[in-house]
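Below: one structure, written as structure tokens.
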Amino acid sequence: MKIQEAVEVCVTKKYVTFEGTATRSEFWWFILFVLVVDVLLSAISRPLAHLFVLGMLCPQLAVAARRLHDIGRSGWMMLIGLIPLVGAIVLIALWAREGKTPATPT
């Protein structure tokens, strides 16, 4: 999956869909998109960047939950991220694992 496809799926088709799965590429491309746009908007206007991040909060949570479903975990595992430092490391390790969804050939 390419970045354009990942953004399209996460923003238009599955904006708040917590059911189903998300491939590694879909998850990481979308996270990269949000990060890059946030950095660019921060250079222009902080309030605009904050509005963008707020608007992307639901799709980020949804794709993160679908990514955890792909590796056989519950979306509620995201709550482990509330544990300072260790939680974020564990989540990144989980999101990076190979999932059950077969990768599509490029």
Quick check for you: to the nearest 0.5 Å, what is the distance between [X] atom [atom1] and [Y] atom [atom2]?
X: Lys100; Y: Asp70; atom1: NZ; atom2: CG; value: 8.0 Å
X: Leu68; Y: Phe18; atom1: CG; atom2: CZ; value: 11.5 Å
X: Glu8; Y: Lys2; atom1: CD; atom2: NZ; value: 13.0 Å
X: Cys10; Y: Ile31; atom1: SG; atom2: CD1; value: 8.0 Å

In residues 71-80, what donor-acceptor pairs under 3.5 Å come from side-chain atoms, sequence neighbours left out?
unit_1 : atom_1 : unit_2 : atom_2 : d
Ser74  : OG     : Trp76  : N      : 3.1

Testing the basics here: between [X] and [Y], what is the closest heavy-atom pair and its distance to 0.1 Å?
X: Trp29; Y: Ile3; value: CE3-CB, 3.6 Å
X: Lys14; Y: Arg66; value: O-NH1, 3.4 Å
X: Ala64; Y: Phe27; value: CA-CE1, 3.8 Å

Distance-only donor-acceptor pairs under 3.5 Å for side chains of residues 44-62, two or more places apart:
unit_1 : atom_1 : unit_2 : atom_2 : d
Ser45  : OG     : Leu48  : N      : 3.4
Gln60  : NE2    : Met56  : O      : 3.4

Would you say Trp28 and Val90 are hydrophobically clustered, going by side-chain heavy atoms of ILVMFWY under 4.5 Å?
->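 Yes; tracing contacts between hydrophobic side chains, which count when under 4.5 Å, links both residues.
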
Honestly curious: do Val37 and Val11 fall in one hydrophobic cluster under the side-chain, below-4.5 Å linking rule?
-> yes

Under 3.5 Å, is there a donor-acceptor pair between the side chain of Arg67 and the main chain of Ala22?
->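 Yes; judged by distance alone, with no hydrogens or angles, the pair exists.
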
Please list every donor-acceptor pair under 3.5 Å in which a side-chain atom of residues 91-98 meets a protein atom from a residue at least two apart or in another chain.
none

